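These notes concern the structure reproduced below.
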Amino acid sequence: MPLSKNFDFRSCEFAVAKRWECARAFRAGANALEGADTYCIMIPPPNVTGNLHMGHAFNNTLQDILVRWHRMRGFDTLWQPGQDHAGIATQMVVERKLADDGLPARREMSRDAFLEKVWEWKEESGGTIINQLKRLGASCDWERNRFTMDPEFHDAVLRVFVSLYRQGLIYRGKRLVNWDPHFETAISDLEVQQVEVRGRMWRLRYPLADGATYSHPTGADADGRPSGFETRAYLVVATTRPETMLGDTGVAVHPDDERYRHLVGKSVVLPLTGRVVPIVADEYADPEKGTGAVKMTPAHDFNDFDVGARTGLRTINVMDGRAAMLLEGNAEFLDGCAPPEETMAIHGLDRFEARERVVNLAEEQGWLDGVDEDVHMVPHGDRSGVAVEPYLTDQWFVDAAALAEPAIEAVRSGETRIHPERDEKHYFRWLENIEPWCISRQLWWGHQIPVWYDEDGKVYCAVTEAEARSAAGDKPLVRDEDVLDTWFSSALWPFGTLGWPERTPELARYYGTDVLVTGFDIIFFWVARMMMMGINQMGEVPFHTVYVHALVRDAKGKKMSKSLGNVLDPIGLIDEYGADAVRFTLTSMAAMGRDLKLSTGRIAGYRNFGTKLWNAARFAEMNGCRPDPGFDPLVLRVPLNRWIVGETARAREAVDAALAEFRFNDAAAVLYNHVWARVCDWYVEFSKPLFQGVDAAAADETRATMAWVIDQCLVLLHPIMPFITEQLWGDLAERRKMLVHVDWPDYASAEVADDAADRMMAWVIGLVEQVRSVRSELRVPAGATVPMSWLELDRAGLDALADNHAMIRRLARVGEVSRADHAPDGAVTIPVDGGVFCLELAELVDVTAERVRLSKVRHRLDDEITKIRSRLANERFTANAPEHVIDEQHARLEAAAGELAKLQSAIDRIPAA
RNA sequence: GGGCGUAUAGCUCAGCGGGAGAGCACUUCGUUGACAUCGAAGGGGUCACUGGUUCAAUCCCAGUUACGCCCACCA
């Protein structure tokens, strides 16, 4: 059945995908050669309930290209798919869903009941993203799909926890952590985003205890010296967070600060509470900032906590988990003071309401010194979007610094390489300054920490409760309620998915994977942590190359986000333009930049490219070009065929070279150019007269070559455009293998290409282009066949003309080309390498237009010749430049001069106006 | 406050120490039996600015400007 006029991607994509699936074409090791090296990529697991966004589409297209390329090359290839349970994100979605459905909130149901809801949601939506990845053409081994909450994976997570605990690399401690008051959980440093907030800075007066006073400088002269002094009975502190003053346990000044040093050791009476707190000296207090005196709230500020630890200040927590003020019944708070009623009325207020209340009271009571507008960065939870609270709680931590060392070393030594190199710097910078990693989360959805406590609070860390019990004797145990940071489990992805801790064949075979393809936004979250965990648990790096790619942005360069409403849905685009077009677009934009901007116009362009390819194949089919498994590119006779075979080999080499260096866009550009500009624009056109000509042998050879050339286009394009190529591959012939498993070619241009054929075809193409250009500029009707002859022609030119006569006639739309002794009147001469042609335009030629045309060319040549001459006349150039550069300049000069001479004779022939 | 990145055609972007490129857009022409999701021919750029290195700089170096990103303890 002949091919249809266009590629019907809507129906074909599903059919092709079905065939791959039925053939289990993507399973690990498919198409592997005997004893082949392995090639393994771990998918960055998308959130299980997520939807495919452009970033996924991009990321997975690049992985799929690498995977398909290696699979075709006979590697034992595994692309391991899976999904992440995404603790906070998923819990958030389900909680919102419960609210939308009018169901009881999480806290109104039991943990088990809530988790059941999450699993229900997972079952309902968990397959979505897999299907979307399949739509994209992702050739993962879907039968091996893993989920980070699979029982086996869960087991692996617990084992790693226990292992690290036993190595002393996991510990529990009461520390200040970033607390998300919305989700009521600790989060890690990385999950905190600094957001610029327009706020205020309040100056508060804390009266000195025992009626003490001191002399404080006022004003300043030009040299910054105080212009006077006043007697003060209070210290002024500045803060953006007045509500935390309820938890103040001191005031810090710099030990060398002349203004305050004599006050160190004295105390202030904290307003609202009557608590007497010391003035301490600490270098943290910066005399240049604020008033130089800093209120200390060790339980609600990271710096204050450190200062407090150094100077012996108490910690007083004055908030609950939702960041509402906690005063009533708060023993820490009430210890040492008896706050008045109006202070206790702050109890239960949200921190922001409390802030207002405290400021109002300060004003009423006369200890508000002043207010300034202030823009500052406030840390927010990246998921909840609310300001996080430094909060003092018991949490589990990983000693990240210890794990970081070998992870740094592995990249330094080159065992793992990061591309592009600048991302190595980010990796090092982060790991070298790493802080303890808070891994416990006060959530329900996740891997519950494998720790049990007895009634004395003694810790039993074990993989199973039974094990913990036996270690505890008969004592009753209670399990730690917290779950682990999602990234803790993602960090185990490269070995957890391969069956660890079982010593599976897959683990032995594929661990120490080849490439990790990821965006730079999760280098710290994920890449660095996989390195740490992989090396610690497996004794071997999880991957040998990290390819860091750009982020996808909208056409204006903005990060795509739902809140901005600028999200381009890849599935919608696939529906509209086809998966291949979307893939090709993403591939062609994959240069190692920082971000890439996507517009639909570009996708449409690559959809057209698919159509072009389709029609080239259709042309081949219509002309009886049948793929011949025995085709040998080395025994061709017709120069045209010898040439295109060499071009194909060069394209193959360029594609391989580009992919080997992750230069995806180069590979795409090479193929685009090869298929469209070389095969379609020239080879197909040249073949037409041959198919219709009398030389049956040449026609047959061209048919066979054409079939081969198209096949090679399909093969080479397959990693980028798998659907259309697979479809055509099947449509064009009965084949032993599907394209997805066809062996990647290895022909080299050195053996296949033929210099003489290349030169000849370049000459023919040049001639045709010149004739077309002349015709167009002189406004010769496009349909007119113009007489053409040659005035002089060297041996090579005569051969080229003879061998390609019909092709030249057709593409240049000229008549029989024969020898002429002189240019007839009204003829336009066309200089070529080794000869001169003339187009006999006669009455068709517009003399004025021709003069303009020629003088334009002449100017260009004059400029070039002048430039090269002056360069060659420069002695310092000839003395210093490498020989090949000088030779090149001479050659260019000669060529330009020759062209100019021919042009001049053409100009001379034009009748004077 | 620190660090990094980017400035090349109208737009989106490649490129790179010795002849400025692509796609889209634009102009003109075209019912050429693969394709109008097409074909042919064109126009369009002091490669951000200033200085330096070099025989030679869009490319390397320094600085400037603009935009963007990341990190940082909210006085």
Side-chain angles (χ1 to χ4, degrees), chain A residues 3 5-7 176 189 194 197 199 201-203 237-241 244 252 284-286 289-296 300-306 374 376-379 387-388 390 422 425-426 429-430 433 520-521 524 551 553 555 557-559 577 581 585 588-589 591 593-599 601-602 604-623 665-666 669 672-673 680-681 684-685 688 769 772-777 779-783 810-811 813 864 867-868 871 874-882 884-886 888-889 892 896:
Chain A
L3 290 174
K5 200 165 163 182
N6 283 317
F7 174 51
L176 265 191
D189 301 351
Q194 301 294 335
V197 169
M201 180 137 76
W202 289 271
R203 293 192 306 277
V237 296
T239 180
T240 57
R241 306 203 48 196
T244 62
Y284 165 71
D286 182 349
K289 275 165 119 177
T291 62
V294 197
K295 64 191 272 306
M296 286 291 121
H300 293 284
D301 184 285
F302 287 98
N303 294 310
D304 296 3
F305 185 83
D306 292 343
D374 181 46
H376 51 260
M377 302 299 276
V378 179
V388 300
R422 66 163 170 260
K425 284 191 226 147
H426 296 138
R429 185 171 42 73
W430 189 69
N433 298 294
F520 61 82
D521 52 334
F524 309 143
L551 292 189
R553 310 200 175 239
K558 287 240 162 38
K559 191 168 172 172
Y577 299 101
T585 307
S588 70
M589 300 197 303
R594 254 315 185 206
D595 48 48
L596 56 126
K597 298 170 199 165
L598 195 62
S599 71
R602 216 156 154 183
Y606 291 119
R607 185 260 334 260
N608 297 355
F609 175 65
T611 307
K612 193 74 183 170
L613 173 71
W614 182 269
N615 278 287
R618 181 161 167 260
F619 170 83
E621 196 214 27
M622 288 168 68
N623 284 281
N665 55 312
D666 280 355
Y672 186 94
N673 197 49
C680 291
D681 288 350
V684 166
E685 294 304 325
K688 289 174 182 174
E769 280 177 337
R772 283 172 169 174
S773 179
V774 168
R775 295 176 57 116
S776 176
E777 292 201 32
R779 303 183 186 286
V780 175
R810 181 180 176 113
L811 297 206
R813 289 190 87 73
E864 176 155 3
K867 217 167 16 174
I868 300 173
R871 193 173 297 152
N874 184 347
E875 276 173 36
R876 288 183 306 180
F877 172 72
T878 48
N880 289 300
H884 77 270
V885 171
I886 297 173
E888 198 181 301
Q889 296 298 317
R892 280 181 55 201

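What you see is a predicted model, and the numbers here were worked out from it, not measured in a lab. Every heavy atom of this structure was used, including side-chain atoms; hydrogens, water molecules and symmetry mates were not.
Here, B/G52 and B/G39 have their P atoms 49 Å apart, quoted to the whole Å. The same atom, C1', is picked in B/C16 and in B/U58; the two are 8 Å apart, to the nearest Å. Here, B/G68 and B/A25 have their C1' atoms 26 Å apart, quoted to the whole Å. On the C1' atoms, B/C55 is 22 Å away from B/U46, given to the nearest whole Å. One C1' atom belongs to B/A40, the other to B/A48, and the distance between them is 37 Å to the nearest Å. Straight-line distance between the P atoms of B/G45 and B/G10: roughly 7 Å, to the nearest whole Å. Atom P of B/A20 sits at a distance of 40 Å from the matching atom of B/G33, rounded to the whole Å. Separating the P atom of B/G63 from that of B/C4 is a span of 11 Å, rounded to the nearest Å.
Closest non-hydrogen pair, A/His300 versus A/Thr244, comes out as CB-CG2, 4.3 Å. A pairwise comparison of heavy atoms in A/Arg607 and A/Tyr577 identifies CG-O, 3.5 Å as the closest pair. Residues A/Leu811 and A/Arg772 approach most closely at O-NE, 3.3 Å, considering heavy atoms. Closest approach of A/Asp301 and A/Pro390 over heavy atoms only: N-CB, 4.0 Å. Contact record, A/Thr585 with A/Arg602: OG1-O, 4.0 Å, taken as the closest heavy-atom pair. Of all heavy-atom pairs between A/Pro379 and A/Gln194, the closest is N-OE1, 3.6 Å.
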Please write out each protein N/O paired with an N/O of nucleotides 51-62 of chain B under 3.5 Å, distance rounded to 0.1 Å.
unit_1 : atom_1 : unit_2   : atom_2 : d
B/C55  : O4'    : A/Arg876 : O      : 3.3
B/C55  : O4'    : A/Asn880 : ND2    : 3.3
B/C55  : O2'    : A/Asn874 : ND2    : 3.3

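Checking B/C71, B/C74, B/A34 against the side-chain heavy atoms of A/Arg429 singles out B/C71 as nearest. Nearest to the side chain of A/Asn615, among B/U32, B/C35, B/A14, sits B/C35. Here B/U32 is the nucleotide among B/U32, B/A14, B/G19 with the atom lying nearest to any side-chain atom of A/Arg810.
Going from atom CZ of A/Arg602 over to atom C1' of B/A25 covers 14 Å, rounded to whole Å. Residue A/His376 contributes atom NE2, which lies 5 Å from atom C1' of B/C74 at whole-angstrom precision. One can place CG of A/Asp301 at 10 Å from P of B/C73, the figure rounded to the nearest angstrom. For A/Tyr606 and B/A14, the OH to P distance is 12 Å, given to the nearest whole Å. Atom NZ of A/Lys289 is separated from atom C1' of B/C74 by 10 Å (rounded to the nearest Å). Spacing between atom CD of A/Gln194 and atom C1' of B/C74 amounts to 8 Å, rounded to whole angstrom units. Here the C1' atom of nucleotide B/A72 and the CG atom of A/Asn303 are 11 Å apart, to the nearest Å. Residue A/His426 contributes atom NE2, which lies 13 Å from atom P of B/A72 at whole-angstrom precision.
No contact: A/Ala669 has no heavy atom under 4.0 Å from any strand. Across all strands shown, A/Ala616 has heavy atoms under 4.0 Å from base atoms, whether or not it also approaches the sugar-phosphate. Across all strands shown, A/Val237 has no heavy atoms under 4.0 Å from either base or sugar-phosphate atoms.
In this pair, A/Trp614 and A/Phe7 present their aromatic rings tilted. The plane angle is within the 30 to 60° band.
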inquiry  = Checking A/Asn615 against A/Asn6 for the side chain to side chain contact (heavy atoms under 4.5 Å, CB included) test, could you report, in this order, the C-alpha distance in whole Å, the side-chain angles of both residues, the deciding distance, and whether it holds?
reply    = CA-CA 7 Å; A/Asn615 278 287; A/Asn6 283 317; 4.2 Å; yes
task = May I have the step-by-step check of side chain to side chain contact (heavy atoms under 4.5 Å, CB included) for A/Ser588 and A/Tyr606, ending in yes or no?
result = CA-CA 10 Å; A/Ser588 70; A/Tyr606 291 119; 3.3 Å; yes
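Dashed line: the shortest gap from a side-chain N or O of A/Lys688 to OP1 or OP2 of B/A34 is under 4.0 Å. Checking the phosphate oxygens (OP1, OP2) of B/C4, no side-chain nitrogen or oxygen of A/Arg422 falls inside 4.0 Å.
A donor and an acceptor atom, one from each side chain of A/Arg871 and A/Asn874, are nowhere located under 3.5 Å apart.
Between A/Gly601 and A/Arg871, the residue anchored closer to the 5' end of RNA chain B is A/Arg871, taking for each the nucleotide with the nearest heavy atom.
Annotation: the span from A/Thr240 atom OG1 to A/Met377 atom CE amounts to 13.0 Å, rounded to 0.5 Å. A/Asp189 CG to A/Phe524 CZ: the interatomic distance, rounded to the nearest 0.5 Å, is 12.0 Å. With values rounded to the nearest 0.5 angstrom, A/Glu875 atom CD is found 11.0 Å from A/Asn880 atom CG.
Secondary structure note: stems in RNA chain B built from 3 or more consecutive Watson-Crick or G-U wobble pairs under 3.5 Å occupy B:1-7 with B:65-71, B:10-13 with B:21-24, B:26-30 with B:38-42, B:48-52 with B:60-64.
With hydrogens and angles ignored, a donor-acceptor pair under 3.5 angstrom links the side chain of A/Arg892 to the base of B/G19.
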message = Within the 4.0 Å limit for protein heavy atoms, which parts of nucleotides 36-42 of chain B are touched? Write it as a string from 5' to 3', B for base, S for sugar-phosphate only, - for none.
response = SBSSSSS
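Heavy atoms from other residues, nucleotides or ligands lying under 6.0 Å from NZ of A/Lys867 number 12 at most.
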